[in-house]
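Numbered from 1 within each chain, the chains take letters A, B, ... in sequence-line order.
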Amino acid sequence: MNNIFDKIREQIYSVVQKAFNACEQKGTLPNIQVGELSVEVPRERDFGDFSTNVAMQVSKQAKLPPRKTAELLLNEFDFTGTYIDRTEIAGPGFINFYLKKDWLYDCLHIIQEKKEKYGEVDLGKGLKVNVEFVSANPTGPLHMGNARGGALGDCLASVLKKAGYDVTREFYINDAGNQIEKFGISLEARYLQLVFGEDKVSFPEDGYHGEDIMDHARAYFDRHGASLMDVPAEERRRILVDFALPINIRKIREILSTYGIDYDVWFSEKSLHENGDVKKAIGYLTEKGYTIEKDGAIWLNGEKLGLEKDEVLIRNNGVPTYMAADIAYHYNKLITRGFDLAIDLWGADHHGHVARMKAAITPFGLKKEQLEIVIFQLVRLFRNGELARMSKRTGKAIALEDLLEEVGKDAARFFFNLKSSGSHLDFDLDLAVKQSNDNPVFYVQYAHARICSLLRKLAEEGITGKPIYEVDLTLLKEKEEIELMRKLSEYPEEIALSAKTLEPSRLTRYVMEVAASFHSFYNACRVKGEEEKLMMARLLLVDCTRIVIKNILELIKIDAPEKM
RNA sequence: GUGCCAGUAGCUCAGCAGGAUAGAGCAACGGACUUCUAAUCCGUCGGUCGGGUGUUCGAAUCAUCUCUGGCACGCCA
């Protein structure tokens, strides 16, 4: 048993179900289908440790007022062998359960036993899931959208792993298609400007105007001179792309790595075109009648798939679209490589693509639910309370690289993981670098450092923790101690919820709550210098807190310093 | 124009498979360091949950209408 909540839910379910049966036998209640029993932690501590609204939910079936039903059930409750101490009926008909403290002490046992494995749940049952995120256009630097998607995707992957899924992190390299064409044309123009002079060669209006393009052209020119001058244009562009693209991809890989993200798979879009997968996928769709021909192009039949409109798959010049490659890509993930589930993280500007992509996999016998798409809203950076569009240093759009330099990996990851993906995110650059009390990154790290410092101090005096079975945990009964244990007990539940809702940001918020509970405890209760037995109990509680905080910080890949 | 996302305290956001008196952080104000790290803690102040209607025992949560903001509607990705 890893999650104490599961155990408690089972106990409450069993007690309630037996009470329903007893009532039915006595004839005080008719046969009632309870269904999914909702057991929650009430908002107010006065309302008990757990509560259920079952009496209200079955009021129609019972043909009685909820409080009356609850009363009948209470009369039949049998708590032997459970944590339940007492119950009461409250409000419109809630049944509140007050538990013996043992459940909290048992939770500490679980933490001590599982150590860094505490929090693991078996929601995924080993299902293979592919999490694809960032997948930035390799023609330029990583931007703030990539930064948010990166933090969310990476943490989601970690959470799913902890929740029992077999997780693969993947980056889809868009090394084919129009933007690569444009990349080549831009490189070529800059290169020719170096050869013939800037005023002799015009630069395409819709080309990539960034300085990085010039750097690539210059690097090639420095190494190979004007050797491309007489090469046919198409060949020339290919050579320049083959020169510059690997450099960009390596750079992306390096920056993401310093950001804490390391992928299992780097998947090339180009490979799908070259090995015929794209043609095969479109051919299959055509065979099954999911495409139509119109204006010399091949379209995905929108009507047949319940979509608003048709989508071009093969242009009238024979070149497949991004959509066509994406269909082949998801075929590859879900069928060729056999993932049970594919999760893509896309910026809000791609939301229009969601419905058609999910629909487009169904002709292959796949279910829409096998492709989950997390849409995250856009990011705005603020500096001095004002919208910051440009980098202070370079004067250009702020890249992930600049952000990491300015605020560091920990703050960047923390803030991008603080808000749910559906919320717009305002990133306060000043707050992120502030080494003070209102910076939540330090708040959490400080809690960890404080614990380590305390343990160190005790060790210096020769005091180390005892095995948990030698410790009298019942001495932990102060309000702050109870509150902290309660908070620690929620961890597996938080993992499960984060995984279910694909919302890793709730873990970041949770670890802040753990830190807060610890700080309150620390201010209210002393460890060092207390009477031996109490000291040992508290030492154990502190150690459990350390385990949980470190565990989460490792999961979201933020440093857990032992000193600050 | 159509679609998607959002609108909750002065600010940034939780809560939204309906539940009890709507929460947190920041800001503001007042307290707590001879004792394990005050990068901390305790307290006070702060709300017509954008607005209307509906569904029901009960709505911030669901439905519908409406207002506001962001995004998307291409043989771009």
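- Dashed line: the shortest gap from a side-chain N or O of Ser423(A) to OP1 or OP2 of rC5(B) is not under 4.0 Å.
- Here rG15(B) presents its C1' atom at 14 Å from CD of Glu490(A), a figure rounded to the nearest Å.
- Judged by distance alone with a 3.5 Å cut-off, a donor-acceptor contact links the side chain of Asn316(A) to the base of rC75(B).
- Across the protein-nucleic acid pair, Ile89(A) atom CD1 and rC57(B) atom C1' stand 16 Å apart, rounded to whole Å.
- As rounded to whole Å, 12 Å separates atom C1' of rA72(B) from atom CD of Glu311(A).
- With C1' as the reference atom, rG51(B) and rG7(B) are 11 Å apart, rounded to whole Å.
- Distances from the side chain of Met564(A) to the nucleotides rA39(B), rC75(B), rC71(B) place rA39(B) closest.
- rA17(B): glycosidic angle within 90° of 0, hence syn.
- Here rU12(B) presents its C1' atom at 16 Å from CD of Gln377(A), a figure rounded to the nearest Å.
- In this structure, Arg148(A) is not positioned above the aromatic face of Phe416(A) in the sense of NZ or CZ being under 6.0 Å from the six-membered ring centre and within 45° of the axis.
- Remark: Asn137(A) is not in phosphate contact with rA77(B), judged by side-chain N or O atoms under 4.0 Å from OP1 or OP2.
- Under a cutoff of 6.0 Å and an axis angle of 45°, Arg380(A) and Phe427(A) do not form a cation-pi pair.
- One atom, NE2 of His424(A), and another, C1' of rC71(B), lie 8 Å apart when rounded to the nearest Å.
- Following rounding to the nearest Å, Met56(A) (CE) and rC57(B) (C1') show an atom-to-atom distance of 9 Å.
- Between rA77(B) and Tyr322(A), no contact under 4.0 Å exists linking OP1 or OP2 to a side-chain N or O.
- Checked against rC36(B), rA77(B), rU12(B), the side chain of Asp426(A) finds its nearest nucleotide in rU12(B).
- At a cut-off of 3.5 Å, with distance as the only test, a side-chain donor of Tyr98(A) or Glu88(A) sits close to an acceptor on the other residue.
- The ring of His353(A) does not lie on top of the base of rA77(B); it is either too far (5.5 Å or more) or too tilted (30° or more).
- In terms of phosphate contacts, Ser520(A) brings no side-chain nitrogen or oxygen within less than 4.0 Å of OP1 or OP2 of rU40(B).
- Between Arg509(A) and rA24(B) there is no side-chain N or O to OP1 or OP2 distance below 4.0 Å.
- A heavy-atom distance below 4.5 Å is found between the side chains of Val34(A) and Leu37(A).
- Contact check, Lys457(A) against rU37(B): a side-chain N or O comes under 4.0 Å of OP1 or OP2.
- Residue Arg315(A) has a polar side-chain atom (N or O) positioned under 4.0 Å from OP1 or OP2 of rA77(B).
- Residue side chain Tyr443(A) fails the stacking definition with respect to rA39(B), as its ring centre and the base's six-membered ring centre are not both under 5.5 angstrom apart and under 30 degrees in plane angle.
- Base pairing of rC36(B): no nucleotide in any strand meets the Watson-Crick or G-U wobble criterion (both distances under 3.5 Å).
- His519(A) has its ring centre less than 6.0 Å from the ring centre of Tyr446(A).
- Taking the C1' atoms as reference points, rA9(B) lies 37 Å from rG1(B), given to the whole Å.
- Between the P atom of rU40(B) and the CD atom of Glu480(A) lies a distance of 17 Å, rounded to the nearest Å.
- For the P atom pair drawn from rA59(B) and rA27(B), the interatomic distance equals 36 Å after rounding to whole Å.
- As rounded to the nearest Å, rC41(B) and rU35(B) have C1' atoms that lie 16 Å from one another.
- In rC65(B) the base sits anti relative to the sugar, since the glycosidic angle is further than 90° from 0.
- Remark: Arg383(A) engages Glu406(A) in a salt bridge, criterion side-chain N to carboxylate O under 4.0 Å.
- Side-chain to base pairing of Ser51(A) with rA20(B): one donor and one acceptor N or O lie within less than 3.5 Å of each other.
- OP1 or OP2 of rA38(B) has at least one side-chain nitrogen or oxygen of Arg450(A) nearer than 4.0 Å.
- Side-chain contact annotation: Asn301(A) with Thr291(A), donor-acceptor N/O pair under 3.5 Å absent.
- A donor-acceptor contact under 3.5 Å is not formed by the side chain of Asp46(A) with the base of rA20(B).
- Atom-to-atom, CD of Glu513(A) to C1' of rG15(B) comes out at 11 Å; the value is rounded to the nearest Å.
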